[in-house]
Amino acid sequence: MEETNREAVATAVQRVAGMLQRSDQLDKVEQYRRREARKKASVEARLKAAIQSQLDGVRTGLSQLHNALRDVKDIQNSLADVSKDWRQSINTIENLKDVKDAVVQHSQLASAVENLKNIFSVPEIVADTQVLIEQAELLEAHRKLMDLECSRDDLMYEQYRMDSKNTHDMNLIRNYFGAVQGLSDDLAKQLWMVLQRAMGTVRRDPTMLVSVVRIIEREEKIDRRMLDRKKQTGFIPPSRPKSWKEKMFEVLEGTVTTRIEGSQSVTREADKMWMVRLLEITRKYVLDDLIVVKNLMVQCFPPHYNTFDRFLKLYHNAVSMRVQELAAEDLEANEIVSLLTWVLNTYKSVEMMGHPDLVTEYDIHLMDPLLPQKVVDELLSKYVQTFTSNITGWLRKALETDKKDWFKETEPEADQDGYYQTTLPAIVFQMFEQNLQVAAQIDETFKEEVLKLCLKQMNSFLIRYREEAIAYKEDHLRDRQLPQCYVQYMIAIINNCHTFKESINSLKKKYLKSTEPTQNDAAIERTLNDVAKDGCQFLLDEVFLDLEHHLSELLTRKWLTGTHAVDTICVTVEDYFNDFAKIKKPFNTEMTSEAHRRVVVEYIKAVMQKRITFKNADERREGADRMIKEAEQFKFLFRKLTAVSGEETDRLCDAIAAIAEVFKLTDPTLLYLEVSTLVSKYPDIREEHIVALLAVRGDASREMKQMIIETLNQNKPSYAGNTQPIFKDITIPTVTMTSMSSSMAATANKLLK
């Protein structure tokens, strides 16, 4: 306490010192004293109020404790009185046992009296109820059945209360009411029969269905009451609970399942379109039934049954089970597509579950899929395997059919522009189109997968197509008289390549979202170009086989004296190209250019083969003039065939004229300049070509030839490769050492003789 006082004094001294730090604050001492006095009075008042409040609480608590103590004493006294009275009444309770037994017996007798009328009239009521059941008076029959069951159950309950172990009396009651269980079973059969025909009943007589539901609801209430009594007493009547509501849903589920499974009217053996028919019948049944459920059946069931949702689930599960059974069968390709199209598209479309009359009742997007994704993937994989096998066979048959047409004695058909063609591209791409349309019904991804598969098969098919075209040419070469329309069908083969390209591009544009090239595009393009190129080459070979005899006359003595070889060559080429006009561009143009090049090359080959050696200047002039004239003939011919005059066309024919100028030159000293001009124009010309030309000219000495060759080798221009080479493919027959020795020996022998 003293310590506290000292701390208080020290604090007060410190506080006063803080107030009186300056001399001018001494004037306010009185003011400070009054303010501190007010604070002290305020603190004392608060302390007094707090202490007074605590004292009042303690006083109230003590008063309540005194009252509680008095109450406890009163309760203790009352319990003592009750205990005393209970001990005195034990004997009285034992004396009332007889009264209790009498009460129980009275209750049983009262129940017996109450059901006495029913007890004596049980056989009559059973008979009446049986008649009502047979007459389909179900509500009245059920009312009588309930009366019979109520009488039986009450009697059995009273017997159970009196003596639960007395099985004899219990069996006596059960046997007396034995016919009641039969009535219950017969009534149940009638109810299930009505429910099995619910779709027809609700249209024809909805009150019958309502009666069935009312009966089942009554039985459900009785079941609940009996179960509650069992919890209290342990007694439950025979055949309870009946659980007719649960049985009703089982019957409806079986009815829906039977209706879906019974929709198959035909088999694969009887009808190839059995799957389509089955799915269409199923679609119609489900849609019609659900519309009936929504518009009629819902009104026959209590709202808490959620009738439409329940039936929707039943139908969905039944359809799902059925399509899974179908998916497990050994389906063909078209059947797989029909099933998947129906499952993935038709089922949720407006034609079925998405019908406007149904979608207002549920969210179609929340429905589970009919088939697990694993099963869908397996079916798609199986379809791809089957489709691959089928399309290979289809393409093979299509090619075999087209090959047979190649040997016909009639020309192939022409399109609207007059170009020869066969039906092969149309057949192939009609086949592709049909399968792609079918695949598109499943989904976009699968459609693109099928298209890529078609293109892959197309590449393999085109390789076989090329092989057959080559074999066709080889057959023709064995006997050029057969087939009679070889040229026309080879033209059709070339044109088919153009049609194939257009059709492939059309399919890709129609069925592929992406414009990116597929992995088979380059191979297909290359193979088609090879087929067309081979076809053009085969036709040109045919032309030059006919020209072979006339080409062999060029640059010979006979030619120098005057022949019509070039005239015949031009007429023959023009005649062939009248047929070749039915080849589509760009193949027609490329073929004309190649024919022009080959004619010129064959002409120059005739020069290089040294079939003639000019003896004098007159022969050289005459031969050169003829060569220039014939070069102009070729130039005129190919300008006419191409319908244009181009630099390349003139350049090819000018090679003949340039060689003629070498022959025509009269001054041998200027021969080097003329040859240099030829080499500058055609830098692909080789040394052996120059030697052959000089040999044909016939007046160049060995020294001159050597000088020209050496000079040209020193100043030979480089070949840039910007223009089509002419001399590159022209080879000069070489003289081997053996043949040269033989020739020299023969010459020596002649000289010795």
Mind checking salt bridge (charged side-chain N to carboxylate O under 4.0 Å, His left out) for Asp443 and listing every partner two or more places apart, or none if nothing turns up? none
Counterpart residues, salt bridge (charged side-chain N to carboxylate O under 4.0 Å, His left out), relative to Arg268 (two or more places apart): Glu335
Between Asn496 and Thr422, does any side-chain donor sit less than 3.5 Å from a side-chain acceptor? yes
Pairing residues for Asp546 by the side-chain contact (heavy atoms from CB on, under 4.5 Å) criterion, not counting sequence neighbours: Arg480, Thr572, Tyr576
Can you list the steps and then say if Glu332 with Thr386 is a side-chain hydrogen bond (donor to acceptor under 3.5 Å, both in side chains)? CA-CA 8 Å; Glu332 297 178 357; Thr386 307; over 6 Å; no
Salt bridge check, Glu574 against Lys640: does any charged N sit closer than 4.0 Å to a carboxylate O? yes
Quick one: do Lys452 and Glu449 make a salt bridge, cutoff under 4.0 Å? no
Set of residues satisfying salt bridge (charged side-chain N to carboxylate O under 4.0 Å, His left out) with respect to Asp534, sequence neighbours excluded: Arg466
Closest non-hydrogen atoms of Ala469 and Phe538, given as atom of the first, atom of the second and distance, are O-CE1, 3.9 Å
Minimum side-chain heavy-atom gap Leu195-Ile216 below 4.5 Å: yes
Qualifying ring pair (Phe, Tyr, Trp, His ring centres under 6.0 Å) pairs, either residue in residues 502-523, two or more places apart: none
Output, in order, the C-alpha distance, side-chain angles, deciding distance and verdict of ring pair (Phe, Tyr, Trp, His ring centres under 6.0 Å) for Phe580 and Phe577. CA-CA 4 Å; Phe580 297 165; Phe577 271 84; 4.9 Å; yes
Between Tyr420 and Lys582, is there a side-chain donor-acceptor contact under 3.5 Å, judged purely by atom types and distance? yes
Under the ring pair (Phe, Tyr, Trp, His ring centres under 6.0 Å) rule, what pairs show up with a residue in residues 245-277, not counting sequence neighbours? Phe249-Tyr305
Checking Asp402 against Trp406 for the side-chain hydrogen bond (donor to acceptor under 3.5 Å, both in side chains) test, could you report, in this order, the C-alpha distance in whole Å, the side-chain angles of both residues, the deciding distance, and whether it holds? CA-CA 7 Å; Asp402 201 58; Trp406 297 352; 3.0 Å; yes
By side-chain contact (heavy atoms from CB on, under 4.5 Å) - contacts of Asp309 (at least two apart): Asn306
Decide ring pair (Phe, Tyr, Trp, His ring centres under 6.0 Å) for Phe407 and Tyr472; before the verdict, give the C-alpha distance in whole Å, the side-chain angles of both, and the deciding distance to 0.1 Å. CA-CA 9 Å; Phe407 294 90; Tyr472 182 54; 5.4 Å; yes
Whether Phe500 and Tyr465 hold their rings parallel, tilted or perpendicular, with breakpoints at 30° and 60°: perpendicular
So, using side-chain contact (heavy atoms from CB on, under 4.5 Å) as the criterion, who are the partners of Ser243 when residues are at least two apart? Pro241, Glu246
Does anything in residues 426-442 form a salt bridge (Lys or Arg N to Asp or Glu O under 4.0 Å)? List the pairs, not counting sequence neighbours. Glu433-Lys510
Please list all pairs passing the ring pair (Phe, Tyr, Trp, His ring centres under 6.0 Å) test where one or both residues lie in residues 318-345, with sequence neighbours left out. Trp342-Tyr347
Can you list everything that forms a side-chain contact (heavy atoms from CB on, under 4.5 Å) with Asp363? Sequence neighbours excluded, please. His365, Leu366
Provide the full list of salt bridge (Lys or Arg N to Asp or Glu O under 4.0 Å) pairs with a residue in residues 404-413, sequence neighbours left out, each pair given once. Asp405-Lys408
Charged N-O contact under 4.0 Å between Asp223 and Arg240: yes
Test: Asp475 and Arg478 ion pair at under 4.0 Å: yes
